[in-house]
Amino acid sequence: RHADGGYATHCLLPEACLIALPSAVSFVQGAAATDAGQTSHAALMRAGELRAGMKVGIIGLGGLGMTGARLAVLYGAEVWAAEPRREAWA
């Protein structure tokens, strides 16, 4: 299946791939959310089939991990996290 690349000046997508941004969300915030947000959401919901009441383990609390942890909590999961970088523990 062919798809335009992320470095293209323009790309053609089906309407189903688009997300309307609420007026309170800037384009910059929306762009960031579609990166870490969509990646984390797909991992939790599609690959992990997340359901309320599940226990979720997240390794690494960088941008993707923190976004995934927050999404899991919002969907009603119990989150357990491990951060291997000692300097991030504080």
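For the numbers below, each heavy atom of this structure counts, side chains included, while hydrogens, waters and symmetry mates do not.
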Do you know the tightest heavy-atom contact between G37 and L71?
O-CD1, 3.9 Å
Return each pair, listed once, that meets ring-ring contact (aromatic ring centres under 6.0 Å, His included) where at least one residue sits in residues 46-90; pairs must be two or more places apart or across chains.
H41-Y75
With clusters built from Ile, Leu, Val, Met, Phe, Trp and Tyr whose side-chain heavy atoms come within less than 4.5 Å, directly or transitively, what are the remaining members of the cluster of V25, listed by chain and number?
L21
Take atom CD in E87; do more than 12 heavy atoms of anything else shown fall under 6.0 Å from it?
yes
Check: S40 side chain, L64 main-chain N or O, donor-acceptor pair, under 3.5 Å
yes
Please list, chain by chain and in numerical order, all residues satisfying side-chain contact (heavy atoms from CB on, under 4.5 Å) with S23, sequence neighbours excluded.
none
Which pairs of donor and acceptor atoms, one on a side chain in residues 45-58, lie under 3.5 Å apart (sequence neighbours left out)?
none

For the CD1 atom on I59, are there more than 12 heavy atoms of other groups (residues, nucleotides or ligands in this structure) within a distance under 6.0 Å?
no
Salt bridge (charged side-chain N to carboxylate O under 4.0 Å, His left out): pairs with one or both residues in residues 70-86, sequence neighbours excluded
E83-R85
